[in-house]
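The structure appears right after this line, and notes come after that.
The analysis underlying the following values was restricted to heavy atoms, covering all of them including side chains, and did not include hydrogens, waters or symmetry mates. Residue numbers begin at 1 in each chain, while the letters A, B, ... track the order of the sequences.
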2 protein chains.
Amino acid sequence: MTGHTQRGQCAKRMSILDAAADVFCSQGFAGASIDEIAAVACVSRQTIYNHYREKETLFVAVVEDVMNRANTMLFSMLSTFPDSADNLEDDLTAFVVRLNRNCICNHDGKFLRKLVQTEGERYPHLFESWRLHGPGKLTTALSALFARLAHKGALVIDDFDVAARQFVALGNADLQMTVLFGGVPTDEELEKAARNAVRTFLKAYGRPAAEKAGPQSQLAVISG
Amino acid sequence: MTGHTQRGQCAKRMSILDAAADVFCSQGFAGASIDEIAAVACVSRQTIYNHYREKETLFVAVVEDVMNRANTMLFSMLSTFPDSADNLEDDLTAFVVRLNRNCICNHDGKFLRKLVQTEGERYPHLFESWRLHGPGKLTTALSALFARLAHKGALVIDDFDVAARQFVALGNADLQMTVLFGGVPTDEELEKAARNAVRTFLKAYGRPAAEKAGPQSQLAVISG
DNA sequence: GTAAAATTAGACGCCATTGTCTAAGACGTC
DNA sequence: GACGTCTTAGACAATGGCGTCTAATTTTAC
């Protein structure tokens with residue numbers, strides 16, 4: 001019951017959770033067998049039943065564990081959103097790359113999207129927390145961040161919530177097929193997808209050319 | 001072996017396919033039981049084994065059946081893409097509503113997205129056909145259609161493929177949560193989502209304001 | 001009407017999995 | 001070194017699903 005034992009138990013628990021996440025993700029709840037999870041975790045089956053009463057208890061624990069990791073990572077990513085309007089295109093592009101790589105296209109993102117589709121109907125309350133604190137929080141936070149950029153005059157947005165959802169959607173537009181079919185996009189794909197997304201986003205919501213145009217061509221407003 | 005038998009057998013087959021689609025969709029391959037499919041189809045288990053040798057054969061037949069329906073519907077929808085540049089916003093909006101309602105947010109769309117995620121790794125070749133003829137064909141076709149609109153001067157697009165993917169992504173931006181969590185969007189949601197998507201798309205890719213601005217406000221190009 | 005084909009309900013063997021139990025071993029503290 | 005806890009391997013019964021088989025019944029063809 002002292003330090004070392006705690007650490008040992010904790011290591012076992014994490015090993016089990018990781019293995020269970022892998023197996024549940026690739027096989028689904030019904031297709032996953034405790035024996036396979038035990039083998040992947042390098043742990044005896046009895047140890048699993050010792051920590052988690054039954055298969056469903058383990059499943060819930062796995063989902064909550066991954067949700068916590070994913071939400072922590074998302075929060076960490078959101079803190080890197082650009083707050084300066086200089087180099088907005090590059091800054092937003094880098095942000096989209098980080099967001100996609102670390103939150104949406106990564107292991108945990110794939111796990112949650114997959115499981116919410118396969119088991120969401122069976123455990124409606126289980127994934128509600130993820131919906132609220134994951135994708136829900138993302139668009140809420142982005143909406144607020146866009147509002148700040150708009151207040152600075154760097155963006156022209158009428159509906160911040162819509163813009164936030166469209167920003168995320170555009171960021172995934174080029175990766176949707178890769179993500180849907182389980183692949184992991186390469187760095188080049190991530191970079192190009194983010195570049196395309198931000199360019200289009202700024203064409204739609206960027207500051208009008210008149211206020212930032214260079215000497216080559218200018219736009220002037222002529223009131224009619 | 002003549003008409004009536006064919007019709008009777010055909011009805012059984014369709015009944016089985018429909019029931020199997022329901023059960024496979026909600027339970028996954030591993031979680032679906034032949035007995036439950038038989039019960040939903042109001043058919044004896046032996047009849048299922050009579051038509052399809054084993055569970056996997058039935059599963060493949062179901063996926064191919066749904067894929068065919070979905071691809072036929074998609075093709076039908078693509079033929080309603082606006083070819084006139086008058087009222088482009090309204091026409092594109094109506095198209096997005098139809099596309100979402102009949103191809104992406106409908107029963108078959110949900111089935112295919114769900115199954116490709118849960119069973120795609122186990123049957124890589126099975127869903128390859130859908131990827132090519134479904135989402136793949138959609139963006140290819142949209143790309144060509146946008147090229148025609150751009151050629152008419154109604155749109156200004158540098159990369160048609162990117163624009164096509166972004167068009168689809170924007171069309172789903174407001175519905176992604178509903179779709180991911182298995183819900184079916186209402187008509188109002190469909191309408192509003194399409195309106196938001198097309199507005200942003202045209203802000204990014206629409207003909208520049210200078211060429212179509214009304215008397216209220218005009219933009220003029222001033223060469224520097 | 002009759003024969004062939006299809007369908008049905010039920011029983012059956014087989015196998016995988018779940019969850020429990022037990023005895024033995026490993027690891028820690030005292 | 002003694003003790004308690006955690007872990008392990010394996011056996012175990014119970015359950016449920018798959019796929020087969022059979023005999024009876026219905027549907028269909030001619």
Side-chain angles (χ1 to χ4, degrees), chain A residues 1-63 115 118-119 121-123 126, chain B residues 1-63 115 118-119 121-123 126:
Chain A
M1 202 192 263
T2 50
H4 282 165
T5 302
Q6 286 280 12
R7 245 177 278 149
Q9 281 193 16
C10 193
K12 290 283 180 193
R13 286 185 91 95
M14 287 195 297
S15 170
I16 292 171
L17 285 178
D18 285 349
D22 275 351
V23 178
F24 278 136
C25 187
S26 68
Q27 316 275 349
F29 179 80
S33 88
I34 301 284
D35 283 330
E36 186 177 353
I37 294 172
V40 173
C42 297
V43 150
S44 97
R45 176 173 63 254
Q46 184 56 34
T47 302
I48 294 181
Y49 283 107
N50 193 4
H51 285 272
Y52 306 96
R53 202 171 335 110
E54 54 190 357
K55 194 180 178 183
E56 185 166 327
T57 312
L58 172 61
F59 179 73
V60 172
V62 168
V63 172
L115 268 293
T118 60
E119 320 295 343
E121 296 178 8
R122 200 182 297 277
Y123 307 90
L126 181 56
Chain B
M1 200 191 265
T2 49
H4 282 166
T5 300
Q6 286 282 12
R7 243 177 280 148
Q9 282 191 15
C10 194
K12 291 282 180 194
R13 286 185 92 95
M14 287 194 299
S15 170
I16 293 171
L17 286 178
D18 285 349
D22 275 351
V23 178
F24 279 136
C25 187
S26 68
Q27 317 275 350
F29 179 79
S33 88
I34 300 285
D35 283 330
E36 185 177 353
I37 293 173
V40 173
C42 297
V43 149
S44 96
R45 176 173 64 255
Q46 183 58 34
T47 302
I48 294 181
Y49 283 107
N50 193 3
H51 285 272
Y52 307 95
R53 201 170 335 109
E54 53 189 0
K55 194 180 178 183
E56 186 166 327
T57 313
L58 172 61
F59 179 72
V60 171
V62 169
V63 172
L115 268 294
T118 61
E119 320 294 345
E121 295 179 8
R122 201 181 295 277
Y123 307 89
L126 180 56

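Backbone-only contact: A:Ala32 has heavy atoms under 4.0 Å from sugar-phosphate atoms and none from a base.
OP1 or OP2 of D:dT8 lies within a sub-4.0 Å distance of a side-chain N or O belonging to A:Thr47. Checking the phosphate oxygens (OP1, OP2) of C:dA6, no side-chain nitrogen or oxygen of B:Asn50 falls inside 4.0 Å. Look at B:Lys12 and you won't find any side-chain N or O under 4.0 angstrom from OP1 or OP2 of D:dT28. Between B:His51 and C:dT7 there is a side-chain N or O to OP1 or OP2 distance below 4.0 Å.
The base of D:dC18 has none of its N or O atoms less than 3.5 Å from a complementary donor or acceptor on the side chain of B:Glu54.
Atom CD1 of A:Ile34 and atom P of D:dC12 are 22 Å apart (whole Å). Remark: C1' of D:dT20 and CD of B:Gln46 are 7 Å apart, rounded to the nearest angstrom. Nucleotide D:dG10 holds its P atom 12 Å from the CG atom of A:Asp35, rounded to whole Å. Rounded to an integer number of Å, the gap from CZ of A:Arg53 to C1' of C:dT18 is 15 Å. Atom C1' of nucleotide D:dT7 and atom CD1 of A:Ile16 are separated by 10 Å, given to the nearest angstrom. Distance A:Arg45 CZ to C:dG19 C1': 8 Å, rounded to the nearest Å. To the nearest angstrom, P of C:dA16 lies 15 Å from CD of A:Gln27. Separating the CZ atom of B:Arg13 from the C1' atom of C:dA6 is a distance of 13 Å, rounded to the nearest angstrom.
Closest to the side chain of A:Val43, out of C:dT18, D:dC18, D:dT8, is D:dT8. Nearest nucleotide to the side chain of B:Ser33, out of D:dG17, D:dC21, C:dG10: D:dG17. When each of D:dG19, C:dA9, C:dT20 is scored by its nearest atom to the side-chain atoms of B:Lys55, the top-ranked nucleotide is D:dG19.
Put simply, the side chain of A:Leu126 reaches to within 4.5 Å of the side chain of A:Phe59, judged on heavy atoms. Within the 4.5 Å cutoff, side-chain heavy atoms of A:Tyr49 are placed close to those of A:Ile34. In this structure, the side chains of A:Thr57 and A:Glu54 come closer than 4.5 Å at one or more pairs of heavy atoms.
Looking at every heavy atom in both residues, B:Ala20 comes nearest to B:Val62 through CB-CG2, 3.5 Å.
A distance of 9.5 Å separates CD in A:Glu36 from CG in A:Asp22, rounded to the nearest 0.5 Å.
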